[in-house]
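All remarks here apply to the structure that follows.
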Amino acid sequence: MKTYRFRFNNSRKTSAILIWFITTLLMITLTCIILLIPSEPYFPTWLLLIFLPLTLIAIYKLFRTASERQSTDSVTLNKDGFNSACFGSVLFSNISAINIPVRSISLLGGEKYDYYKQTEVDTPNLVISITTDDSKIFRWVLGEWGSFYNSKEDFSVFFDFLTALTDQLYQYYHANEPTNSYLKIIDENGFWERSGKLKLVKKN
């Protein structure tokens, strides 16, 4: 058994972040109006005593809520499946689909970091998901070159986990082939779905 530990964006609290973001923008706008524009008697200066603390609270809440999207997962891979500290355990036989955005991962032939710097395009947040037979979804969001929620080292550990997982899953259904498959189970679009034929072959 091998354990992989990494930080990632759990993609929760999106609505709360949006609410605090709008609130922060509103409070900053009102505070700037009072400070920069003579607006008596509609916005008397004493309102700063109310708006300034509220603005600071809104900014704090925004960053606090955003930081809560960061989670640390510890995934242990074994011969039958894997166990995630954040999502629970799953057997290889119960994995029905895997989706990996290979076109956005430079390690899999996607665009290099220089491309995003030169074109001023935002570097992608990669959403990797594993779906089980009972429709449970294991979803991790990471930035390959680091982000607010994970470092480059976190992504490197996660990529090692993906490589080991997909290789073992390939061996699970193709036991007579070489073990060094390197993400061979996914197609050119980064997708794998277990067919009924594969399931039948494994049962036999």
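For reference, positions follow the sequence shown, starting with 1.
- Expressed to the nearest 0.5 Å, how far CZ of Phe159 lies from CG of Asp154 amounts to 15.0 Å.
- Between Tyr173 and Trp192, the ring-plane angle classifies as tilted under the 30° and 60° cut-offs.
- Closest non-hydrogen pair, Leu77 versus Ala164, comes out as CD2-CB, 3.5 Å.
- Here the side chains of Trp140 and Asn9 are not in contact, with every heavy-atom distance at 4.5 Å or above.
- Counted within 6.0 Å of OH on Tyr113, heavy atoms from surrounding residues, nucleotides or ligands total 12 or fewer; the atom is thus considered open.
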**Request:** Test side-chain hydrogen bond (donor to acceptor under 3.5 Å, both in side chains) on Thr76 and Thr3 and set out the steps.
**Result:** CA-CA 4 Å; Thr76 302; Thr3 299; 3.0 Å; yes
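- Contact of the Ile128 side chain with the Asn99 side chain is not registered, since no non-hydrogen atoms from C-beta on lie closer than 4.5 Å.
- Remark: the backbone N or O of Ile185 is not paired with any side-chain donor or acceptor of Thr166 at under 3.5 angstrom.
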**Request:** Decide side chain to side chain contact (heavy atoms under 4.5 Å, CB included) for Ser151 and Arg7; before the verdict, give the C-alpha distance in whole Å, the side-chain angles of both, and the deciding distance to 0.1 Å.
**Result:** CA-CA 8 Å; Ser151 66; Arg7 292 170 298 171; 3.5 Å; yes
**Request:** Show your working on side-chain hydrogen bond (donor to acceptor under 3.5 Å, both in side chains) between Ser106 and Glu144 and close with a plain yes or no.
**Result:** CA-CA 8 Å; Ser106 67; Glu144 182 177 0; 2.6 Å; yes
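- When all heavy atoms of Gly88 and Phe138 are compared, the closest pair comes out as O-CE2, 3.6 Å.
- Heavy-atom minimum distance, Leu126 versus Ser104: CD2-CB, 3.4 Å.
- Considering OG1 of Thr119 and CG of Asp114, their distance stands at 10.0 Å, rounded to 0.5 Å.
- Using a 4.5 Å cut-off on side-chain heavy atoms (C-beta onward), Phe8 and Asp73 make contact.
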**Prompt:** Tyr170 and Leu165: side chain to side chain contact (heavy atoms under 4.5 Å, CB included), yes or no, with the steps?
**Reply:** CA-CA 9 Å; Tyr170 188 88; Leu165 169 67; over 6 Å; no
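- Side-chain contact check for Arg5 versus Val157: every heavy-atom pair is 4.5 Å or farther apart.
- Side-chain heavy atoms closer than 4.5 Å link hydrophobic residues (I, L, V, M, F, W, Y) into clusters, and following such links, possibly through other members, connects Leu107 to Leu142.
- Aromatic pair Phe82/Phe161: centroids less than 6.0 angstrom apart.
- Side chains of Phe6 and Thr72 form no contact here, defined as non-hydrogen atoms less than 4.5 Å apart.
- With a 4.5 Å cut-off on side-chain heavy atoms, Tyr116 and Glu111 count as touching.
- To the nearest 0.5 Å, the span separating CD1 on Ile98 from OG on Ser129 amounts to 9.0 Å.
- Closest approach of Asn78 and Gln168 over heavy atoms only: O-NE2, 3.0 Å.
- For the 3.5 Å distance criterion, the side chains of Thr163 and Asp160 fail to qualify, holding no donor opposite an acceptor.
- Closest heavy-atom contact between Ser93 and Asp133: O-OD2, 3.6 Å.
- Remark: Glu193 CD to Ile95 CD1 distance equals 13.0 Å, nearest 0.5 Å.
- Met1 and Val90 fall into different hydrophobic clusters, where Ile, Leu, Val, Met, Phe, Trp and Tyr are joined by side-chain heavy atoms under 4.5 Å apart, directly or via other members.
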**Prompt:** Passes side chain to side chain contact (heavy atoms under 4.5 Å, CB included), Val102 versus Ile186? Steps please.
**Reply:** CA-CA 9 Å; Val102 294; Ile186 62 175; 3.7 Å; yes
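- Hydrophobic clustering (ILVMFWY, side-chain heavy atoms < 4.5 Å, transitive): Tyr4 and Leu108 are in one cluster.
- Around the NZ atom of Lys136, the shell of radius 6.0 Å holds more than 12 heavy atoms that belong to other residues, nucleotides or ligands.
- Val127 approaches Pro101 most closely through the heavy-atom pair O-CD, 3.4 Å.
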**Request:** Kindly indicate, with the supporting measurements, whether the criterion side chain to side chain contact (heavy atoms under 4.5 Å, CB included) is fulfilled by Val141 and Tyr149.
**Result:** CA-CA 9 Å; Val141 183; Tyr149 302 101; over 6 Å; no
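- Here CD1 of Ile137 is found 11.0 Å from CD1 of Ile130. Values are rounded to the nearest 0.5 Å.
- To the nearest 0.5 Å, atoms CD (Glu153) and CZ (Phe158) are separated by 16.0 Å.
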